[in-house]
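The block underneath contains the structure these notes are about, expressed in structure tokens.
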Amino acid sequence: MSTQLKPTLGTLHLWGIAVGLVISGEYFGWSYGWGVAGTLGFLVTTLLVATMYTCFIFSFTELTTAIPHAGGPFAYSRRAFGEKGGLVAGLATLIEFVFAPPAIAMAIGAYLNVQFPSLDPKHAAVGAYLIFMTLNILGVSIAATFELIVTILAVGELLVFMGVVAPGFSFSNFVLNGWAGSDSFGGAAISGIFAAIPFAIWFFLAIEGAAMAAEEAKDPKRTIPKAYVSGILTLVVLALGVMLFAGGAGDWKALSGINDPLPQAMKMVVGENSGWLHMLVWIGLFGLVASFHGIILGYSRQFFALARAGYLPRGLAKLSRFQTPHRAIIAGGLVGIAAIYSDGLIALQGMSLTAAMITMSVFGAIVMYIMSMLSLFKLRRSEPDLERSFRAPGFPVVPGIALALAVLCLAAMVWFALQIAGIFLAFMAAGFVYFQLTAAHRASAPADAMLTGA
């Protein structure tokens, strides 16, 4: 049985994956941060989170190039801390990447329902799963090329949005009542800044997923740093630009509790009948599809890597005749489809199931970021001779900043979403029980020098 992925991806493909995984976060979700923090408070939150992600990516790239493995953070943590360290990072990453796609698929379904009212949003969401699971099964080169095209379209649409609303931009609109709960900075504003952390993370969530395509990258030691550095710079510029231009277009409070802030902001400037507005109607779909498709690629590689190492049933590591992990792709899809049809049956923290799935995904991401930075510090000490074609700049300060901010974010998330934190821990505990019962699987797994350092 083949368990080796083929290197077919170049720098541009990897940039498309890194940006495409995240880009839906520029279209929806983030404006809820205004509702709890105000525009100025959320700007502080976003700058804080952007600093964390920038420091994280510059540090994470050292791990990705030194250990170009489909397991990504799972591989780094297992090499640094052994099997249990790999388990924590692997399960956290899997939770992040399995719970984000159904939330995005439901947004795709809701959007299509606006265009075609007779179409059931849940059926449309499942249809999206079937289409993009199939595309991923047909080959990573095809999937990555599609991802690159739709990501370029999505980035282009964001630039068009900023250009069209620029003539109506007023900074006074953006700063008016910009602190939560008051007109000036105070206790309510501080609380809002921390409460808004999940919505700022949504701007950047999943960029690290490109690491899971590392085994399929051509010359990963050269292509991955270029893709990651250009990717994080692209996303920081777009996040700040979209937020500032939308907030300055008119009354930002009208945008703080809706799923389509960009078209509504453009409507404030150009009116309801503008051709620009009609063109922008499809903006959300480009962004949603780019992230949805890219995250399917990410979760399938995490399933594949964990199964290949004996942490999950071995069958999930089987490759199709297209050299793609088709069973892993299908497994994650089944979980997502089940989540879609449970919508309306479950309510957590007073959230919709979609919001709860996003929050669960963020918990997985933050735990994975912490494990990755700890792995970086550990490997610098335990394996000083490991070949590192890219070294984290400003070590240990830059990765230390990423680690400290990730811990701060995790603490804030637990405080404001305690119930979902408990469910996240329950998933992690279930994974640990499975781990304890399946030692024989790992003992008989194929040897992997990247996991052991052999």
Side-chain angles (χ1 to χ4, degrees), residues 22-57 96 100 158 171 173-208 232-248 252-259 261-262 265 349 351 355 358-370 401-418 420-421:
V22 184
I23 196 118
S24 66
E26 323 290 11
Y27 293 98
F28 81 105
W30 59 266
S31 64
Y32 287 96
W34 284 347
V36 294
T39 48
L40 294 176
F42 188 60
L43 179 60
V44 172
T45 308
T46 302
L47 291 172
L48 185 76
V49 169
T51 300
M52 180 188 76
Y53 268 94
T54 302
C55 292
F56 170 76
I57 285 299
E96 175 192 1
L158 289 175
F171 192 66
N173 288 335
F174 185 83
V175 301
L176 183 64
N177 298 318
W179 299 108
S182 64
D183 292 338
S184 60
F185 189 76
I190 294 174
S191 176
I193 286 169
F194 285 104
I197 282 174
F199 307 111
I201 287 176
W202 192 242
F203 264 137
F204 306 101
L205 183 78
I207 185 175
E208 70 282 352
I232 191 63
L233 293 176
T234 300
L235 290 165
V236 168
V237 169
L238 290 175
L240 293 175
V242 165
M243 179 174 56
L244 287 169
F245 279 102
W252 62 263
K253 290 185 177 181
L255 309 175
S256 64
I258 60 177
N259 284 329
L262 303 192
Q349 301 274 163
M351 302 178 183
I358 290 172
T359 305
M360 184 73 74
S361 180
V362 170
F363 268 115
I366 295 173
V367 170
M368 182 271 287
Y369 299 157
I370 292 171
I401 292 171
L403 177 60
L405 290 177
V407 170
L408 177 65
C409 288
L410 180 61
M413 288 286 294
V414 171
W415 179 263
F416 288 102
L418 186 59
I420 295 176

Q: Check side chain to side chain contact (heavy atoms under 4.5 Å, CB included) between Ile401 and all other residues, then give those that pass, not counting sequence neighbours.
A: Thr51, Cys55, Val397, Leu405
Q) Sequence neighbours excluded, which residues qualify as side chain to side chain contact (heavy atoms under 4.5 Å, CB included) partners of Ala265? A) Phe161, Ala246, Ala249, Leu255
Q) Say you draw a straight line from CG of Leu158 to CG of Leu238; how long is it, rounded to the nearest 0.5 Å? A) 5.5 Å
(Q) My understanding is that only residues two or more places apart in sequence, or in another chain, count here; which of them pass ring pair (Phe, Tyr, Trp, His ring centres under 6.0 Å) with Phe363? (A) Phe424
Q: Can you sort out the partners of Phe56 under ring pair (Phe, Tyr, Trp, His ring centres under 6.0 Å), two or more places apart, ordered by chain and number?
A: Phe60, Tyr369
Q. Trp30 and Phe199: ring pair (Phe, Tyr, Trp, His ring centres under 6.0 Å), yes or no, with the steps?
A. CA-CA 5 Å; Trp30 59 266; Phe199 307 111; over 10 Å; no
Q: Search all heavy atoms of Tyr53 against all heavy atoms of Leu205 and return the closest pair with its distance.
A: OH-CA, 3.7 Å
Q) Heavy-atom distance under 4.5 Å between the side chains of Met360 and Glu96, does that happen here? A) no
Q) When rounded to the nearest 0.5 angstrom, what is the spacing between CD1 in Ile207 and CZ in Phe204? A) 8.5 Å
Q) Listed by chain and number, what are the side chain to side chain contact (heavy atoms under 4.5 Å, CB included) partners of Thr39, not counting sequence neighbours? A) Trp34, Phe174, Trp252
Q. Looking only at heavy atoms, what is the nearest atom pair of Ser256 and Gly35, with distance?
A. CB-N, 3.8 Å
Q) Phe194: what forms a side chain to side chain contact (heavy atoms under 4.5 Å, CB included) with it, not counting sequence neighbours? A) Ile190, Ile197, Leu408, Ala412, Phe416
Q: Could you tell me which non-hydrogen atom of Pro198 sits nearest to which non-hydrogen atom of Met413, and how far apart they are?
A: CG-SD, 3.0 Å
Q: Check Leu235 against Glu26 and note the closest heavy-atom contact, atom names and distance.
A: CD2-OE2, 3.3 Å
